[in-house]
K.L.:
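Can you read through this structure? Questions will come right after.
Residues take their numbers from the sequence shown, with the count starting at 1.
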Amino acid sequence: MKIGTTIRAHRLQKGLSQGDIEKKTGLLRCYLSRVENGHTVPSLDTLSKIALALDLPIAQFFAEDSLGAVNTQHLSDDELRFLTQIRRYSTNLNESDRKLLLAMVKKFASTAVR
């Protein structure tokens with residue numbers, strides 16, 4: 001279980017920076033970075049502050065697959081940000097537009113130079 005990775009994933013999913021969490025919790029940004037990178041393990045009190053800042057139940061950090069179907073352990077921060085943006089914008093689309101968007105992405109991917 002990697003609490004730091006889970007914290008980062010939820011923070012990015014909500015479009016928040018470490019600075020945003022710093023303002024909400026009073027925890028230093030450098031400390032949050034150390035937690036997210038696995039160099040420091042937060043106390044339960046600290047984890048509770050982070051959970052409150054992210055508007056999550058503390059138990060969410062201990063769930064097997066805390067972000068649902070997407071396994072974020074193998075995604076870079078840039079990939080996670082991109083998927084978060086797609087998710088955010090796609091919520092306003094109807095089913096037909098979502099299918100069109102997916103077809104466009106598939107077409108771009110098939111013609112992309114690797």
K.L.:
For the side chain of R29 and the backbone of Q18, is there at least one donor-acceptor N/O pair under 3.5 Å apart?
P.N.:
no

K.L.:
What residues form a side chain to side chain contact (heavy atoms under 4.5 Å, CB included) with S17, not counting sequence neighbours?
P.N.:
D20

K.L.:
Please identify each residue that fulfils side chain to side chain contact (heavy atoms under 4.5 Å, CB included) with S96, with sequence neighbours left out.
P.N.:
N94

K.L.:
Restricting to non-hydrogen atoms, name the atom on L101 and the atom on L93 that form the minimum distance, rounded to 0.1 Å.
P.N.:
CD2-CD1, 4.0 Å

K.L.:
Linking I/L/V/M/F/W/Y whenever their side-chain heavy atoms sit closer than 4.5 Å, directly or via other members, would L56 and L44 fall into one cluster?
P.N.:
yes

K.L.:
Between T6 (side chain only) and K2 (backbone N and O only), is there a donor and an acceptor less than 3.5 Å apart?
P.N.:
yes

K.L.:
Quick check: closest heavy atoms across D55 and K14, and the distance to 0.1 Å?
P.N.:
O-NZ, 4.3 Å

K.L.:
Would you name the heavy atoms of E22 and L32 that are closest together and state the gap between them?
P.N.:
N-CD1, 3.7 Å

K.L.:
At what distance, to the nearest 0.5 angstrom, does CZ of R34 lie from NE2 of H39?
P.N.:
6.5 Å

K.L.:
Locate the shortest heavy-atom distance separating A53 from I21; write the atom from each residue and the value.
P.N.:
CB-CD1, 4.2 Å

K.L.:
List the residues meeting side-chain hydrogen bond (donor to acceptor under 3.5 Å, both in side chains) with T46, not counting sequence neighbours, and say none if there are none.
P.N.:
S43

K.L.:
For residues L27 and I50, report the shortest heavy-atom separation together with the two atoms involved.
P.N.:
CD1-CG1, 3.8 Å

K.L.:
Go through the steps to decide whether K49 and K24 satisfy the test side chain to side chain contact (heavy atoms under 4.5 Å, CB included), and finish with yes or no.
P.N.:
CA-CA 8 Å; K49 289 178 185 179; K24 291 181 174 192; over 6 Å; no

K.L.:
Identify the two heavy atoms, one from A51 and one from P57, that lie closest to each other, and give their separation to 0.1 Å.
P.N.:
CB-C, 4.3 Å

K.L.:
Under 4.5 Å between side-chain heavy atoms, counting indirect links through other Ile/Leu/Val/Met/Phe/Trp/Tyr residues: same cluster for I58 and I7 or not?
P.N.:
yes

K.L.:
In Å and rounded to the nearest 0.5 Å, what is the CG to CD distance from L54 to Q13?
P.N.:
10.0 Å

K.L.:
Could you state whether L28 and L47 fall into the same hydrophobic cluster, counting links through intermediate Ile, Leu, Val, Met, Phe, Trp or Tyr residues with side-chain heavy atoms under 4.5 angstrom apart?
P.N.:
yes

